[in-house]
Colleague: 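Structure below; questions to follow.
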Amino acid sequence: MVNVEMVKAAAAYVEKRIEKKPEIGMILGSGLGALADEIKDPVVIPYEDIPYFPVSMVEGHANQLIVGELSGKQVLMMKGRFHLYEGYEPSLLAFPVRVMKQLNIEHLVVTNAAGGVNEKFLPGELMIIEDHLNMTACNPLMGANEEAFGPRFPDMTYAYNRDMREKAKKAAQKQGLILQQGVYAWFTGPSFETPAEIKMSRVLGADAVGMSTVPEVLAAVHAGVKVLGISCITNMAAGMLDQPLTHEEVMITARQSEGKFKQLIRDLIEEGF
Ligand code: HPA
């Protein structure tokens, strides 16, 4: 179980390594890590150097915290994240966000690669997350509640901050970028969903599916951190096209979308939250 001392130790280590305080946190999803290359004068901190910080084994995840300036603001990026399917104890999925909060970060941008469930979506498009469905029966806030992290029963009505969403839409409009909006459904993975699960998700109101993001959002909302979630639709979800899904396809499409993704984030950060 994660406790306050562990989070404080990790945050103190990061603080020691950096000169300026980060204002914005970012979690970069599969194939979307290149944004970290845009950071000026980056301080690169391998996860394994940070006390109690987990390390991810997923291909395409670099396991680095990268801190520095992007579009005139100090940002802290996680290049590589942790998934339930890797076998972590759920409260560990909340750990990095709690470290961000301990560093006084108030805004978090969470990104992911996701399968499109909405039939109007196309691979390569970006989607602003309006809300989520938790299909895992798991929550990183389960277990004894530490009041220092947040309340026992956090409200999820406004989990995905409205102002941040509006700003993202405006930034996309300025660029002439198609920006979809919708509900993200979190499945455990690591197997992709079945066609029947995708049909069920659509009936329940999902527009996209993936294996990440929700635990970090739950931890952020718990901590009072404002969240913007962006999915890169890397593929149509299982059964929508008569072809199998592969992680390779996910990575290739995510990388192809990186240019517009980077531009959107840069504009957003420049505008300020
Ligand atoms: N399902 C789950 N996770 C994903 C998908 C998908 O279709 N695409 C990218 N991540």
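Counting convention: from 1, in listed order, for ligands and their atoms alike. Numbers here simply count residues along the sequence, with the first being 1.
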Colleague: Would you kindly specify which portion of Ala238 sits under 4.0 Å from ligand 1, judged on non-hydrogen atoms: side chain, backbone, both or neither?
Modeller: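 No part of Ala238 is near ligand 1 at this cut-off.
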Colleague: Which atoms of ligand 1 sit under 4.0 Å from any heavy atom of Leu245?
Modeller: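 Reading through ligand 1 atom by atom, the close ones are 7 (O).
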Colleague: Indicate the ring-plane relationship of Phe95 and Phe53, choosing parallel, tilted or perpendicular according to the 30° and 60° boundaries.
Modeller: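 Ring orientation of Phe95 relative to Phe53: perpendicular.
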Colleague: Please report which non-hydrogen protein atom sits nearest to atom 8 (N) of ligand 1, along with the residue it belongs to and the distance in Å to one decimal place.
Modeller: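 Result for atom 8 (N) of ligand 1: Asn235 OD1, 2.7 Å.
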Colleague: Starting from atom 5 (C) of ligand 1, locate the nearest protein heavy atom and write down its residue, its atom name and how far away it is, to 0.1 Å.
Modeller: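 It is Gly115 N, 3.4 Å.
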Colleague: Please identify which atoms of ligand 1 are closer than 4.0 Å to at least one heavy atom of Thr234.
Modeller: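 Answer for ligand 1: 8 (N), 9 (C).
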Colleague: Does this structure show an ion pair linking Glu147 with Arg152, if we count only N-O contacts that are shorter than 4.0 Å?
Modeller: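 No, Glu147 and Arg152 are not salt-bridged.
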Colleague: Among Val110, Val109, Leu218, Thr213, find the one that has a side chain to side chain contact (heavy atoms under 4.5 Å, CB included) with Val227.
Modeller: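 Passing option: Val110.
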Colleague: Under a 4.0 Å threshold between the charged nitrogen and the carboxylate oxygen, would Glu258 count as salt-bridged to Arg255?
Modeller: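 No, no charged N to carboxylate O under 4.0 Å.
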Colleague: Can you name the atoms of ligand 1, numbered from 1 with element, that are less than 4.0 Å from a heavy atom of Val250?
Modeller: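 Contacts of ligand 1 toward Val250, numbered from 1: 8 (N), 9 (C).
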Colleague: As an exercise, identify every atom of ligand 1 less than 4.0 angstrom from a heavy atom of Ala114.
Modeller: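 So the atoms of ligand 1 that pass are 5 (C), 8 (N), 9 (C), 10 (N).
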Colleague: Taking the side chain as everything from C-beta on, heavy atoms only, tell me whether Leu108 gets closer than 4.5 Å to Met100.
Modeller: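 The answer is yes; the side chains approach within 4.5 Å.
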Colleague: Considering the options Asp207, Leu204, Val209, Val183, which one meets the side chain to side chain contact (heavy atoms under 4.5 Å, CB included) requirement together with Val117?
Modeller: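 That would be Val209; it is the only one of Asp207, Leu204, Val209, Val183 passing the side chain to side chain contact (heavy atoms under 4.5 Å, CB included) with Val117.
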Colleague: Using a 3.5 Å cut-off on N or O atoms only, is Ala113 in polar contact with ligand 1?
Modeller: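 Between Ala113 and ligand 1 (N or O atoms, distance only) the closest approach is under 3.5 Å.
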Colleague: Do me a favour and list the nearest non-hydrogen protein atom to atom 2 (C) of ligand 1 with residue, atom name and distance?
Modeller: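 Scanning the protein heavy atoms, the shortest distance from atom 2 (C) of ligand 1 goes to Glu193 OE2, 3.1 Å.
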Colleague: Using a strict 4.0 Å threshold on nitrogen-to-oxygen distance, state whether Glu106 and Lys226 make a salt bridge.
Modeller: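 Between Lys226 and Glu106 there is no salt bridge, as every charged N stays at least 4.0 Å from the carboxylate O atoms.
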Colleague: Which protein non-hydrogen atom lies closest to atom 3 (N) of ligand 1, naming both residue and atom, and how far is it?
Modeller: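 Closest protein heavy atom to atom 3 (N) of ligand 1: Gly210 CA, 3.4 Å.
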